[in-house]
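Along the sequence shown, residues are numbered consecutively beginning with 1. Whatever order the structure lists ligands and atoms in, that order sets their numbers, starting from 1.
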Amino acid sequence: MRIFRNAIVRRPCRAMTEGITSGLYPGRPDYELALAQHDAYIEALRRCCINVTVLPADEDYPDSCFVEDPAVLTERCAIITNPRAASRNGEKTYIEKAVREFYPGDRIEHITYPGTLEGGDVMMCGDQIFVGRSERTNAEGIHQFARILQKYGYTCTEVKLTEVLHLKTGVNYLENNNLLVSGEFIGKAEFDQYNRYEVPEKEAYAANCIWVNGTVIVPDGYSAVLDAVKSMGYETITVDTSEFRKLDGGLSCLSLRF
Ligand code: CIR
């Protein structure tokens, strides 16, 4: 079984109320409530026996609590991405400082212009890594990413998406060959080899669950997905993410787990 020993999170900043949103989940985040939810998220990770490094809030970057996007951390290397969203691109410099505490310099790779890539588009399934071609991750970014992965013995499969923000907005790997799939990812041939639980449309947000050392963290309020995950045999923890959802962020976006 894969073991995650570490996670990196960043505290939400007050400026998160100005974060990017598609408006799919209306409203602006309540900052105090977001902080309380973030506390609960950290606590949930710690219950999964993972050491959590908590980076300070960065008011220059409203979306910087979504640390998953500026880096991809694998067992063999770290890849600092090149976020397409202009207001987020500078986050890569600060996440790299944190990543350097855990990875030697010769194992830290970079995606560079004209390539763009965000970690939310990357789903790791053992040595098989899926990357979404999205509004945020372009063909050149994927080309660079695939070359880096090949160097470290991973295979890379591109998945096109048109409806959601990132690949992991709609599909997530729970280890043990199990996938949660929703919306446009249901029926995609790329995922044929996995056991797939099809998330009902009204619970689409909960396709973004995270597996952490045998436990699956599920967003609060999605009973069909929670029951399905339990029936797959996992321990579960639920965490309320309502304030992050208003910015299109889910459980995976809030940490780097490695
Ligand atoms: C953004 O649009 O970049 C943020 N408001 C949400 C990022 C969510 N991250 C993720 O799905 N990995």
For the residue pair F4 and F258, is the inter-centroid distance of their aromatic rings smaller than 6.0 Å?
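Not close enough - the centres of the two rings lie 6.0 Å or further apart.
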
Enumerated ligand 1 atoms positioned under 4.0 Å from heavy atoms of [X]:
X    : answer
D248 : 8 (C)
G120 : 12 (N)
E68  : 10 (C), 12 (N)
H166 : 9 (N), 10 (C), 11 (O), 12 (N)
D63  : 4 (C), 5 (N)
L247 : 4 (C), 5 (N), 6 (C)

Salt-bridge criterion met for E43 and R46 (N-O under 4.0 Å):
no

Salt-bridge criterion met for K188 and D192 (N-O under 4.0 Å):
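D192 and K188: not salt-bridged.
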
Using only atom types and a distance under 3.5 Å, with no angle test, would you say the side chain of D63 pairs donor to acceptor with the backbone of G249?
no

Using the six-membered ring wherever Trp is involved, compare the ring planes of Y94 and Y61 and label them parallel, tilted or perpendicular (cut-offs 30° and 60°).
tilted

At a non-hydrogen distance cut-off of under 4.0 Å, which region of R88 contacts ligand 1 (side chain, backbone, both, or neither)?
side chain

Any heavy atom of R136 closer to ligand 1 than 4.0 angstrom?
yes

Nitrogen or oxygen of [X] less than 3.5 angstrom from that of ligand 1:
X    : answer
T21  : no
G249 : no
D69  : yes
F66  : no

For atom 8 (C) of ligand 1, what's the nearest protein heavy atom and its distance?
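In this structure, atom 8 (C) of ligand 1 has C253 SG, 3.5 Å as its nearest protein heavy atom.
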
Is it true that [Y] and [X] share a donor-acceptor pair across their side chains at a distance under 3.5 Å?
X    : Y    : result
T155 : Q128 : yes
Y194 : N176 : no
Y205 : S182 : no

Check N138, L117, T137 against I111 for a side-chain contact (heavy atoms from CB on, under 4.5 Å) and give me the one that passes.
L117

